[in-house]
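Worksheet: the structure to be examined is printed underneath.
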Amino acid sequence: MLKRSLLGLVGMVAVAAALATGISSSDAQQPSTGPAPLSAADSAGLKGPRQPIFFRHDIHAGELQMQCQYCHYSVAVSSEPGIPSMQTCMGCHALVAGRDPANQAEIQKLKDAWAAGTPVEWVRIHNVARHVHFPHMRHIKALGDNACATCHGNVARMPQVYQVNNVNNMGFCINCHLERNVTRDCSACHF
Amino acid sequence: MTMRPDDQQMTEAAPDGVGRRQFLKVLGVTGAGAATLSGCSTDRIAKLVPYMVQSEQQVPGVPTTYASTCAECSTGCGLHVTTREARAIKLEGNPAHPVNAGSLCSRGQAGLQALYHPDRIGAPMARNAAGGFDEITWDDAIARLAAQLGTANGRVAAINGYGPSTFSTLLDDMVGALGGRSVRWEAFGREAERTANFRTWGRYELPSHDFAAADYLVSFGADFLETWGATVQQQRGFAEAHGYGNGTMAKHVYVGPRMNLTAANADEWLDVPAGTEIWVALCLARAAAMHHGSPLAAQLAAYTPEAAAERTGIPAERLAHVAEEFAAASAPLAVAGGIAAQHRGAIDLCRATNLANIAAGSIGTTVRFGDGPAAGNDYGTVQELFQSMDRGEVAVILVHEANPLYALPKSGNFAATFAKVGFKVSTANVMDETAAACDLILPNLHALERWDDRAPRPGVLGLMQPVMEPVKPGMHTGDVLLAAARAVGGPLAGFTAQSFEAHLRSAWTAEASRRGAGDAEGFWRDALQRGGVYEPAAPAPAPALSAGAADLAPGDTSFDGDGEFLFLPYPTSQYHDGRGSNKPWLLENPDPVTKITWQSWVELHPETAKRVDVREGEIVEVTSPHGTVRAQVYVYPGIRPDTVGMPLGLGHTAYGRYAADRGVNALDLLGAADGQGFLPYVATRVSLTKTRDYRQVAKTEGTPRQLGRGIIEAMPLAHAAAGMTPKESMTAAGHPPHEVNTERELEAIDGWYEAQKERWNLGNYGADETPKWGMAVDLSRCTGCSACVTACYAENNIATVGEEQVFKGREMSWMRIERYWEGGEDGEPLEARFAPVMCQHCDNAPCEPVCPVYASYHTPDGLNGQVYNRCVGTRYCSNNCPFKVRYYNWLKYNESAWPEPLNLQLNPEVTVRARGVMEKCTFCVQRIRAAQHTARLEDRPLRDGDVVTACQQACPSKAIAFGNVKDPSAEVVRWKRDPRGYTMLEATNVMPAVTYLAKVRAVDPVAHGEAPAAGEAH
């Protein structure tokens, strides 16, 4: 029974992989003309969970070179990285309508939510268990520039954020801590 | 790819129809090819919901602190409210506030449980025809109120338990404008003292008492560490004076029939029968008058120690000794009052105490007029109001922050009188007894949700601000009244403020200009940040004596009935006048003296219990001429054999799920008649009848005596002043210590400590900079008040387990206050000793080697760590712990302890433990880590004082020091070097990180086996 289901899983993965490679917007190859024009329908074929609005990190953080901390503002001072408020988004998008109909459709969704007073409910990708207290600010301090990509991957090239490393896997944390010779004490994070 | 349990389940189920569907569903969400699954569970998608507009004051993950004022009792302490993501999660004292200077008692801290109480009323309610309540809208409620006020024709009254404040002034003014009367009433109104002060000095007011400056303190019944006066402020002063330091300490003598917490902290307890305290007071006054050559000496000549001995039963030599000490002291202070002294002779007792203070020269020094606490109207005024209600003269009554239908004895039939009022309104936000009898309930916002101010005494004007959106949709009673005023018009037309906040602002603008502050806005902002405006009150000269001040003729105090025993009801620091009884933290925090939780009890002296032939837990009926109650017996050596004691505060019939139908109301035994302006609590005799029923007493104490284990050490003042260690003191007293460890034991443990240290340092990089955390507790300052216990519950998400589980010893308090009795047998006086006991973070922890999964381990920075996610629940660690400071989650306490919205109080920095996990004190490791993060971000090393544990922070006595023992400048290191220092259970060689400084008692040293010399305090 296990073997059959394992084969079944492998089969599913193969199909999925075939689907994925058919779309060229994954991080491996970036067309030299900038982020590819994509629509929300295309997001089904991308890695990572579909979001209520097809927010493009590759446009904002990649092409426009917005700092991570412009939106995730508390990451250097708090355990919580902070998620941008709707007002932060509208700060630009009150004026920026979008470069093509696909983008405009997504931005319109944002404006509609803002007008209705309902926040967009993003699907969370990176999460640690509740018994772990992960201090973001210590890691920003320690890792300096490019700290974010160390764990979250090259988000600036992701049209749709997906998990590069399973941050809920303690081995992932310990490996890095061992390499860099910093604390291995349990009570650094578990309390 | 690692196969997680979820994967396993899914792939195994894949061939089934359900399994495939589920797999495909997940596939659709997580995207094709997502073989690794994020988060904890595959079918639970976590969402990130941003704010619409980010508040400037809030950084997620970083607490925001607001200054406000506590409203849980009349002391009016200043608060620092810690909020996380706009939810209040911890209440601490405001260090700038002169009353509490950064500390906060259990009752104040439990204000959070009032804020998030699951039984808070969420909407205005009106009584319907069937006798129940219907929810109505605020507009409807205000319209109804306005209609009633408008047609009442001046027959309006208010009972207000809160003030003085801008709100209570507004309420008084409005009721006055309508032609009615407003009565400010508190159950413990200190009326007898005020009347006595009027008779002595012509001043119907309360003075302030400078406990910190006193070197000899005598209390006649006044429980200044529990419910009498500004308890937190008094406790601070008491710790300063009575805590040992620089070779000296003040002496504290308590006079009264029962050893309450205040008496348990006394160096001498004169256990006089209730009603006879005045004889001791007059004896002290006489001695002081003679010593200082005061003209009062002649008038007091008759009150010799022998005369007092005859009335009180205390040997004359002892009384003479105390009197001499009092007279010779350079800064004596005598205080009188408290519910336990509120018998029919209370006014004369307070007058006698005034004479003692006058004769001793305390007036103007330790007793000062002009900056004492403001107090409300007296019981007599409330009685008058009730008589007026009885005559049908009151059409509309508003009850605010008071519960007279609970707090007044049933024999007074107040419920029937109250029912005669045409229209009754309550502003309670939990359905208490009075609200349940009202016609309209207008739930007020909680103190943490509303604007107001509070002036507990001259010179202190505390500001109260909302720190979060209301948890339940209440409305500020001030806003309700102003809206009603607009609707009524007419006599209320002058109240034009659009909201109470506007009204408060204009009051403060006026205050600013009164103080000559040019910039009213700046004045307001400063006050908001600091929590108010504080300045020392102008010194008032000692008032002149009234004629006849010394004309006292103490007679026999009268008691109702002819029962065998004197009945002594008393308030406890947790339940207070009943207001604390609906909060689980206060119900589960054991009574500091009896260690009983969640219950009422009947206290009997061991001799009495033997005579009546009852044992602990047997239910007795206590009968007075006014009523009968039944409760289980608690055998207590700290009460006179001729007296029966019961705590006040339980026996609610409403007031929420935790309070209703719990315990018995001791007030049922009291008469309500007054004649002197106060309710005489101690005015009844009772008889006891055995029943055949039994109820286990839910107490947390184990063996009440130390049995020579040396857990709480104490020494007489002379030994401490000579710099003796506890062992030297015991040796000097004739108890040389037995050898701590035998040769064989020492051989067995040789090398063990070094091996331990090596193990801790695995993974410890940067060994030199790594701190080692340690704590010191000064037992000469600790009073056993248990504020630290509540602070720990609040900080560390500790579950309350309820009465049934306490029977089984499963209370979860990481920090407990142990109380042991010494003496009390063979003619030795009874002594109580208190110590806070928490995980000792032993260097040689016996809990560490026995954990099969390394959940209990030693951190490189000296803590005994507990990793919840590793724990599998063998409980071997708790088994091995000699202090029994490890607590196991036997049941799903996390599901029962925090019914919504109590769960909003939980501290996000601390994991909430599930069933099957061991937990214990962590030295507030979350605070340590937070301080380390901050120091790292600021590129500086940790400084002493960066880390303050919750218990240390809350303690009004400042009895706890905590810090890095490797830092030579740290306060904790200084404390640990004190010769009084010792560790508990030394023979186990566990090497705790907690050092206790032995308690010092202001008594003369007595060698073991020697009876105390006649006349000497012991």
Side-chain angles (χ1 to χ4, degrees), chain A residues 1-2 4-6 8-9 12-13 15-17 19-20 44-50 74 76-80 82-88 114 117 119-127 129-131 133 135-138 141 160 162-163 166 168-169 181-188 190-191, chain B residues 2 7 10-15 19-20 23 27-40 45-54 59-62 762-766 854-855 857 859-861 863 865-870 909-912 922 925-926 929-930 932-933 936-937:
Chain A
M1 168 110 152
L2 176 62
R4 195 143 45 103
S5 52
L6 194 58
L9 178 65
M12 288 284 193
V13 170
V15 168
L19 281 172
L46 296 172
K47 287 196 264 191
R50 297 184 77 168
S74 54
V77 297
S78 166
S79 302
E80 291 291 320
I83 186 149
S85 63
M86 295 286 285
Q87 188 183 50
T88 305
W114 172 257
V120 178
E121 296 191 4
W122 306 101
V123 173
R124 188 164 189 157
I125 294 131
H126 299 97
N127 205 352
R130 279 178 295 182
H131 54 259
H133 298 275
H136 261 104
M137 68 299 211
R138 291 297 300 267
K141 176 88 175 174
Q160 184 167 265
Y162 61 93
Q163 197 183 60
N166 182 359
N168 201 31
N169 182 316
N181 216 18
V182 290
T183 184
R184 271 192 278 154
D185 177 34
C186 309
S187 72
H190 290 292
F191 48 81
Chain B
T2 45
D7 307 350
M10 270 190 12
T11 52
E12 276 181 351
R20 194 181 309 125
F23 187 79
L27 201 66
V29 171
T30 61
T36 52
L37 301 155
S38 65
C40 306
I45 313 297
K47 293 290 175 76
L48 289 171
V49 184
Y51 289 107
M52 293 300 292
V53 178
Q54 176 70 37
V59 178
V62 174
L762 292 175
N764 178 21
Y765 306 91
Y854 204 68
Y857 78 107
T859 71
D861 50 358
L863 305 173
Q866 179 69 22
V867 186
Y868 306 125
N869 40 306
R870 290 191 73 95
E909 291 305 306
V910 178
T911 307
V912 176
T922 58
V925 64
Q926 67 278 5
R929 298 293 170 247
Q932 287 175 321
H933 295 332
R936 187 70 192 91
L937 290 186

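To find a chain, count down the sequence lines: A is the first, B the second, and so on, and within it residues start at 1.
- Across all non-hydrogen atoms, the minimal contact from B:P60 to A:S78 is O-OG, 2.5 Å.
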Give the C-alpha distance, both sets of side-chain angles, the deciding distance and a yes or no for side chain to side chain contact (heavy atoms under 4.5 Å, CB included) between A:T88 and B:Y51.
CA-CA 10 Å; A:T88 305; B:Y51 289 107; over 6 Å; no
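- In plain terms, the two heavy atoms of B:P50 and A:P84 that are nearest each other are CB-O, 3.2 Å.
- The choice from B:V53, B:V62, B:V49 that makes the most heavy-atom pairs within less than 4.5 Å of chain A is B:V53.
- To the nearest 0.5 Å, the span separating CZ on A:R138 from NE2 on B:H933 amounts to 6.0 Å.
- Contact of the B:L48 side chain with the A:E121 side chain is not registered, since no non-hydrogen atoms from C-beta on lie closer than 4.5 Å.
- Residues that satisfy the side-chain contact (heavy atoms from CB on, under 4.5 Å) test with A:V77, not counting sequence neighbours, are A:S74, B:V59.
- Both the backbone and the side chain of B:R936 come within contact range of chain A, judged by heavy atoms closer than 4.5 Å.
- Expressed to the nearest 0.5 Å, how far NZ of B:K47 lies from CZ of A:R124 amounts to 13.0 Å.
- Counting heavy-atom pairs closer than 4.5 Å to chain B, the top residue among A:H136, A:K141, A:M137, A:Q160 is A:K141.
- A distance-only check finds a donor-acceptor pair linking the side chain of A:H133 to the backbone of B:E909 [under 3.5 Å].
- Residues A:S187 and B:R929 meet the side-chain proximity criterion, which asks for heavy atoms closer than 4.5 Å.
- The SG atom of A:C186 sits 12.0 Å away from the CG atom of B:L863 when rounded to the nearest 0.5 Å.
- Note on A:P135, A:G82, A:A76: by heavy-atom pairs under 4.5 Å with chain B, the leading option is A:P135.
- The shortest heavy-atom contact between A:F191 and B:Y868 is C-CE1, 3.9 Å.
- Scanning for ring-ring contact (aromatic ring centres under 6.0 Å, His included) contacts around A:H131 gives A:H190, with sequence neighbours left out.
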